[in-house]
Amino acid sequence: QVQLVESGGGLVQAGGSLRLSCEASGISGSINAMGWYRQAPGKQRVMVATVTSGGMTVYADSVKGRFTISRDNAKNTVYLQMNNLKPEDTAVYYCNRVPFVYDYWGQGTQVTVSS
């Protein structure tokens, strides 16, 4: 069945960097657009960045210039390079297809940015 496994989160000070990874299995990740989403406590889950099968990218205004999404189709993996992190980036980060499939949500990976 479909499984999305996120990793790479952690605790970092403001201004630091993290690289998140999402390994997909059971879906055709290489031909679908994929995205990173995040959800802070008490908030809606929102899209952060997307990347098409051809490598075209779109970013939320809140992360433009700081985050970079990429994919390795051979490894069926999507990455999110997060630079100049801010406390407001604190959230659980998830990956999924774009448009997302409701039942595909994985466990996510926690990113905490301290000030």
Side-chain angles (χ1 to χ4, degrees):
Q1 246 295 320
V2 173
Q3 189 165 44
L4 300 172
V5 181
E6 301 93 343
S7 62
L11 174 64
V12 64
Q13 292 187 333
S17 298
L18 288 171
R19 181 177 173 85
L20 308 184
S21 298
C22 170
E23 183 176 353
S25 62
I27 59 174
S28 300
S30 63
I31 63 172
N32 292 306
M34 298 290 291
W36 283 96
Y37 307 76
R38 69 186 182 189
Q39 185 170 24
K43 298 294 185 68
Q44 295 285 332
R45 189 171 300 179
V46 299
M47 181 173 291
V48 173
T50 65
V51 58
T52 70
S53 61
M56 301 297 294
T57 60
V58 179
Y59 299 92
D61 288 342
S62 58
V63 306
K64 284 181 180 177
R66 300 188 297 117
F67 291 7
T68 302
I69 187 171
S70 61
R71 65 192 299 163
D72 186 333
N73 289 334
K75 296 181 178 180
N76 212 26
T77 301
V78 185
Y79 305 95
L80 186 67
Q81 178 66 47
M82 310 165 67
N83 296 327
N84 192 24
L85 283 161
K86 303 176 179 180
E88 51 262 44
D89 296 319
T90 295
V92 179
Y93 284 71
Y94 303 86
C95 64
N96 207 325
R97 287 182 55 182
V98 180
F100 72 84
V101 177
Y102 186 84
D103 290 335
Y104 286 5
W105 296 116
Q107 183 176 348
T109 185
Q110 175 72 49
V111 172
T112 303
V113 184
S114 64
S115 60

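All heavy atoms count here, side chains included; hydrogens, waters and symmetry mates do not.
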(message) Any side-chain to backbone donor/acceptor pair from N76 onto A24? Under 3.5 Å, distance only.
(response) yes
(message) Nearest 0.5 angstrom please: S115 OG to L85 CG, how far?
(response) 13.0 Å
(request) To the nearest 0.5 Å, tell me how far L20 CG sits from Y94 OH. (result) 12.5 Å
(request) With rounding to the nearest 0.5 Å, note down the distance linking CZ in R19 to CZ in F67. (result) 13.5 Å
(request) Spell out, yes or no, whether Y79 and M34 are grouped together once hydrophobic residues are joined by side-chain heavy atoms under 4.5 Å, including indirect joins. (result) no
(message) How close do V111 and M82 get, counting heavy atoms only, and between which atoms?
(response) CG1-CE, 4.1 Å
(request) To the nearest 0.5 Å, tell me how far F100 CZ sits from L4 CG. (result) 13.0 Å
(message) Would V92 and Y37 count as a side-chain contact (heavy atoms from CB on, under 4.5 Å) here? Give the steps.
(response) CA-CA 8 Å; V92 179; Y37 307 76; over 6 Å; no
(message) With side-chain hydrogen bond (donor to acceptor under 3.5 Å, both in side chains) as the rule and sequence neighbours excluded, what pairs involving residues 100-113 come up?
(response) Q110-T112
(message) What verdict does the side-chain contact (heavy atoms from CB on, under 4.5 Å) test give for R38 and S62, after you've listed the backbone C-alpha separation in whole Å, the side-chain angles of each residue and the deciding distance to 0.1 Å?
(response) CA-CA 12 Å; R38 69 186 182 189; S62 58; 3.4 Å; yes
(request) Report the C-alpha separation of Q39 and Q44 in whole Å, then their side-chain angles, then the decisive distance to 0.1 Å, and conclude whether the side-chain contact (heavy atoms from CB on, under 4.5 Å) test is met. (result) CA-CA 6 Å; Q39 185 170 24; Q44 295 285 332; 5.8 Å; no
(request) List in chain and number order the residues that pass side-chain contact (heavy atoms from CB on, under 4.5 Å) with E88, two or more places apart in sequence or in another chain; answer none if no residue qualifies. (result) K86
(request) Applying side-chain contact (heavy atoms from CB on, under 4.5 Å) between Y59 and each of T68, T50, V48, report the one that passes. (result) T68
(request) Please round to the nearest 0.5 Å and tell me the distance separating atom OG of S70 and atom CG of L80. (result) 8.5 Å
(request) Can you establish whether the number of heavy atoms outside Q81 located under 6.0 Å from its atom CD is more than 12? (result) yes
Ignoring hydrogens and angles, write down the donor-acceptor pairs under 3.5 Å from the side chains of residues 6-16, residues two or more places apart or on other chains.
residue : atom : partner : partner atom : Å
E6      : OE1  : G108    : N            : 2.9
E6      : OE2  : C95     : N            : 3.0

(request) Flag the pair W36 / V98 as yes when at least one side-chain heavy-atom distance between them is below 4.5 Å, and no otherwise. (result) no
(message) Hydrophobic clusters here meaning ILVMFWY residues chained together by side-chain heavy-atom distances under 4.5 Å, can you tell me if V101 and V78 are in one?
(response) yes
